[in-house]
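Right, one structure below, let's go through it.
Please read these numbers as outputs of a predicted model, since none were measured by experiment.
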Amino acid sequence: MSEINSSLRILLISQWPNVKNGEYELIEKIKQTGYKIAVVDYFGFDVTTGECLNRASLIDNYDFAISFHYDTPKFIDIPTYLWVANPLEFMHLRGDYRNVLMHHLRSYDDYLYNGSDTLKAHIKRVVGSKWMDSGLEMFPSCATSALTLPTGLADKNGVASRKIFYCGVNWERGIDRAGRAQGLLDILQQKQVAEFYGPDKLEGISPWAGFTSYKGEIPFDGVTMTRVMREYGAVLAVSSPAHMKSRTSSSRVFEGIAAGVPVISDENPHVRRLFGDLVYYFKGETEEERAATIIQALSQIIENPKDAEERVVKAQQIMASRMCFDPCFERILKVSKQYQKQEGHDFKQVDIFLFHHDPDPLALGGSKEFNNFHHILRSAAFAAQARQAHVRVIYLTDGSSPEPSLDELPANVEVVSFNLRDITDENWDRLRLGEKITLLSNKANADFVTFFTQFDFPHYDYFTKSLDWFAENELATVSGIHVGGFFINDLMLKAPLGTADILRNNTPSAMYQWTQNSFTEHQLAMITFSRGSLALIESDKVARFDSILPVVVIASAISSDLPVHRSRHIVVRVQYSHFKRHYEAYTCAASRGFWAQHYDLVTNYNHELNALYDLVHESPIGTLIADKVSGHALLSMPPIDPAVHVVNQFISRLRPLYRLFKKVRNVLQLKKK
C-alpha cells in the first residue's frame, strides 16, 4: 500500500447510524482498508463517541468525507462527496424531490460515480452549468487486501458447494405481498439448486415465509457475507426494475467477485459494461426460462471449474486496478488537493468584518464572545493558501469583551481590531444592522468584503467558493454579490433522521421563490460583496433595516441589475437565525401593549417592510419582491369559480322561499298538536 493511501483520513457519513443495512455493511468494509476512519451523522457527531467533530479544526484532521445516500444533506465542514449509486427511480418517486432532495444533491463538492452513465447524466442535469467530470468513482467493492482468491470446488465441503447463494431483502414482497423475483426463486427452490438469506422480518412481515430453502439472516459486519458466500458454487445477482432502468446495479456482483465466487447475473447493462463476459448471465421471457439459464450457468461452473476460477481472477484484477476502495480514494485525495491549491489566480484582497449584533440579547445563546473566530481565521487561511488572497480579519471590541486568542497567523492573513469608540459615538447595541455595516464599509479597503456577527460560522471554503465565482465573471468582480448557502444549527444535538425542521437555503436563482418565508431564508453572512456592490449598503439605503437587511440587499441588487449568484454550496453555519431572534423579541414586546412593539425595540420588521417600498418602488422587479415578502401579493380571498358564483346566486334567491316554507311547516305542525 502506498504512502498516500496509508495516510488517508476519511469521514463516513451515515444517514441511519443505528440501522443495520447495506450502508452499514459498506461502511464496515471501508473500515478494513486500514485508513483513519470515523463514522459520523450528517451534523458531524461521531456515532461511537458522541463527540461533535464538525469544528474549525476538522479540515486539519480529515482529508474528505463521503456520503452514501441522497437523503443526506451536506453540512460537514470539509470536502464532501456523494456516492451516486441509487436508482434514479427511487428519488423521482419522492414527493419532496423538488424542495428537499434536489437541494441535497446540489450541495456536494463533487460526486463519486459507479460507472452508470444514466446516473452521471442525472447529476449533470441537477448541478447544471457548473458540473464537471473529475473522473471520481466509487464502487460497492472492498479493500484491495480483502480480495479473496477463488477456491476450487474440490476444496469446498458440503452440498452448498454445488448450489447457488442468494441474499436479498425481498422488500417488495413485504409491501406488495409478492417479491419481484418470487416466481424465479420458487422455481430454484423446487429444483433444490439455491439457498436464500436475508432479513427474517420486514415491517412486521416475514418476506421469506414459505421458502424452505431460507437459511436465515447474515449480520452486516463486513465479513460474514464473504465467509458464507465462499461455501457456495455461485452467487446469484438479481436486479430490480429500478436498477435496470437507471443502468446501475446492486452490490451483489462486486461482493461475489471479491469473495472469489463466480457470479450469475441477469442481463444488466451496468454489470456487462464493467465485467463483460467474466460474469455468467441468465435471461428468458418467462421465469421458467430464466431459471433454466441460471441452472445451466451453474452446471457450466461445476463442469468447468478452471474456466470459472479464471473469470473470477480476471474480474478481481479489474477491481484491484479501478474499483477497490484504495484506487478510488487515492483519486479523491488527489482531486481534493488540486482544489485546495489552484495556481494562476489574480491577487485579491478580502476584508472580513466581525462584530457583535444580537436582535434579542435576552434570548438563550446571547454572548459577547466571538466563539466563531477560529472558524473565520481558518477560512481566511484557506483562501490565502488556495487562492493567493490577502485577507484582513477586522473585529470590533468595546474593551470589555474577551479578546480572541491568536496563535501564529498564516501567511497573507492579517488580524486587526477596532475599538467601537473609533467607529461611532452612539450606543453600538442600539444601532440597526444596516447602520453598523454602513459604518464598517467605510473602513473596507479590499476587492471583496463580508460581514459576520458572533453567530456566523463560515466553512473552510467560504471564500474560495465565492472567489472562484467572481473570477469566472468579470462583471461580477466589479459590482456583483455572491449569495452562499447556509444552514442554522448550534451543533448541540445529534442529527435527527429527517431534515424537514432544519432551516437552510441553497436554492438556485431560477428555482428560488420570494415569499414571506424569505426573511428566514437569508442571513447577512451569506453575502460576499465585491467592492463596487458596497454601494448597495450606503447609509441612505439601508440604515433603517435590520431584521430583513439581507433581503433588502439582494432585492436592491436585482433591482439595479447587478450580477447576483446563489451558490449551490453550503458555505456557512449560522448558530441562531437573525430574523427568528428578532421576531421572538418582537412577540415579547407586543405582549406588553401596542406601543411597546413600536418603541421598545431597536427595530420592527413591519416598519422595515414599509421602508422597503421607499427603496424599490420605482423598480418593477423590486416592487414585485417587496409585495411577495410582505404578503401584499397574496389575494385577500380565493377567487370564485364563475359556475360556483351562479349556483350561489341561485341558492340566495331560493333562501327566502325556504325560510317561508319552514315557517308554514312549523305553524301546521303546531295546529296538528
Side-chain angles (χ1 to χ4, degrees), residues 353 355 357 359 424 426 430-444 448-451 453 475-476 478-484 486 505 507 509 512-566 577-583 585-586 597-599 601-634:
F353 287 96
F355 58 95
H357 186 76
T424 180
E426 298 186 56
R430 298 300 296 176
L431 295 180
R432 300 182 184 94
L433 188 56
E435 296 173 294
K436 291 181 178 180
I437 67 171
T438 296
L439 292 168
L440 296 178
S441 66
N442 294 328
K443 303 291 184 181
F448 305 105
V449 180
T450 191
F451 302 91
T453 73
L475 182 61
V478 177
S479 58
I481 61 173
H482 180 274
V483 183
F486 79 101
N505 184 26
T507 306
S509 297
Y512 184 80
Q513 295 181 341
W514 291 99
T515 69
Q516 289 178 287
N517 291 329
S518 295
F519 303 132
T520 63
E521 294 171 351
H522 294 87
Q523 298 285 145
L524 180 62
M526 301 167 66
I527 304 174
T528 301
F529 296 85
S530 66
R531 185 160 185 82
S533 67
L534 290 178
L536 295 168
I537 55 176
E538 293 174 350
S539 179
D540 62 332
K541 296 179 180 178
V542 301
R544 292 199 59 83
F545 298 103
D546 182 289
S547 64
I548 70 170
L549 178 64
V551 170
V552 171
V553 169
I554 297 173
S556 299
I558 294 173
S559 300
S560 303
D561 201 27
L562 299 182
V564 177
H565 174 67
R566 289 185 176 273
S577 167
H578 182 73
F579 183 81
K580 184 175 185 292
R581 291 180 78 84
H582 164 76
Y583 189 77
Y586 165 82
Q597 61 185 295
H598 297 286
Y599 292 161
L601 302 174
V602 173
T603 184
N604 179 307
Y605 78 97
N606 289 303
H607 299 173
E608 295 181 41
L609 280 173
N610 289 324
L612 177 58
Y613 283 102
D614 298 336
L615 188 64
V616 300
H617 71 277
E618 291 185 325
S619 165
I621 190 170
T623 302
L624 178 63
I625 293 173
D627 282 344
K628 289 185 175 182
V629 300
S630 65
H632 286 294
L634 300 175

**OP:** Report the relative orientation of the aromatic rings in Y586 and Y583; use parallel for angles under 30°, tilted for 30 to 60°, perpendicular for over 60°.
**Re:**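 Y586 vs Y583 ring planes: tilted.
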**OP:** Give the ring-plane orientation class for F451 versus F353, where under 30° counts as parallel, over 60° as perpendicular and anything between as tilted.
**Re:**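 Geometry flag for F353 against F451: parallel rings.
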**OP:** Can you spot which of L440, V542, V552 makes a side-chain contact (heavy atoms from CB on, under 4.5 Å) with I537?
**Re:**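 Passing option: V542.
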For [X], enumerate each residue passing the side chain to side chain donor-acceptor pair (under 3.5 Å) test, keeping only those at least two apart in sequence or located in another chain.
X    : answer
E608 : S547, T603
H578 : D546
R566 : H522
T507 : N505

Original post:
Are more than 12 heavy atoms from other residues, nucleotides or ligands located less than 6.0 Å from atom CZ of R432?
Top reply: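 Buried by this count: over 12 neighbours within 6.0 Å.
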Tell me every residue that passes side-chain contact (heavy atoms from CB on, under 4.5 Å) with [X], counting only those two or more places apart in sequence or in another chain.
X    : result
D627 : Y613, T623, H632, A633
H607 : H598, N604
S533 : I481, F529, S530, L536
E538 : A535, D540, K541

**OP:** Could you pull out all residues at least two apart from R581 that satisfy salt bridge (Lys or Arg N to Asp or Glu O under 4.0 Å)?
**Re:**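 Expected list: D358.
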Subject >> salt bridge (Lys or Arg N to Asp or Glu O under 4.0 Å) against K580, all qualifying residues, sequence neighbours excluded >> reply: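 Partners of K580 by the salt bridge (Lys or Arg N to Asp or Glu O under 4.0 Å) criterion, ordered by chain and then number, come out as E584.
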State the [atom1]-[atom2] distance between [X] and [Y], to the nearest 0.5 angstrom.
X    : Y    : atom1 : atom2 : answer
L534 : I437 : CG    : CD1   : 9.0 Å
L612 : I548 : CG    : CD1   : 5.0 Å
L524 : K436 : CG    : NZ    : 11.5 Å
L549 : R544 : CG    : CZ    : 13.5 Å

Original post:
Taking all non-hydrogen atoms of both residues, which atom of T520 and which atom of N517 are closest, and how far apart?
Top reply: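 Closest approach of T520 to N517: OG1-O, 2.8 Å.
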Subject >> Closest heavy-atom pair and its distance - L601, A585 >> reply: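 The answer is CD2-O, 3.8 Å.
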**OP:** Give a yes or no on whether the backbone of A626 and the side-chain of S630 come within a donor-acceptor separation of less than 3.5 Å.
**Re:**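 Between the backbone of A626 and the side chain of S630 there is a qualifying donor-acceptor contact (under 3.5 Å).
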Original post:
Is there a side chain to side chain contact (heavy atoms under 4.5 Å, CB included) between V616 and I621 once you walk through the steps?
Top reply: CA-CA 8 Å; V616 300; I621 190 170; over 6 Å; no
Original post:
What's the verdict on side chain to side chain contact (heavy atoms under 4.5 Å, CB included) for T424 and L431, showing C-alpha distance, side-chain angles and the deciding distance?
Top reply: CA-CA 10 Å; T424 180; L431 295 180; 4.2 Å; yes
Side chains of [X] and [Y]: closer than 4.5 Å at any heavy-atom pair?
X    : Y    : answer
I554 : I527 : yes
P550 : F519 : no
S518 : K628 : no

Below 3.5 Å, can you tabulate the donor-acceptor pairs from side chains in residues 557-565 to any protein atom, sequence neighbours excluded?
from, atom 1, to, atom 2, distance (Å)
S559, OG, A555, O, 2.7
S559, OG, S619, OG, 3.4
S560, OG, S556, O, 2.9

Subject >> Candidate pair Q516 and L634, rule side chain to side chain contact (heavy atoms under 4.5 Å, CB included), full reasoning >> reply: CA-CA 10 Å; Q516 289 178 287; L634 300 175; 3.5 Å; yes
Original post:
Excluding sequence neighbours, so at least two apart, what forms ring pair (Phe, Tyr, Trp, His ring centres under 6.0 Å) with F486?
Top reply: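 For F486 there are no ring pair (Phe, Tyr, Trp, His ring centres under 6.0 Å) partners, ignoring immediate neighbours.
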**OP:** Show your reasoning for whether side chain to side chain contact (heavy atoms under 4.5 Å, CB included) applies to F545 and V551.
**Re:** CA-CA 10 Å; F545 298 103; V551 170; over 6 Å; no
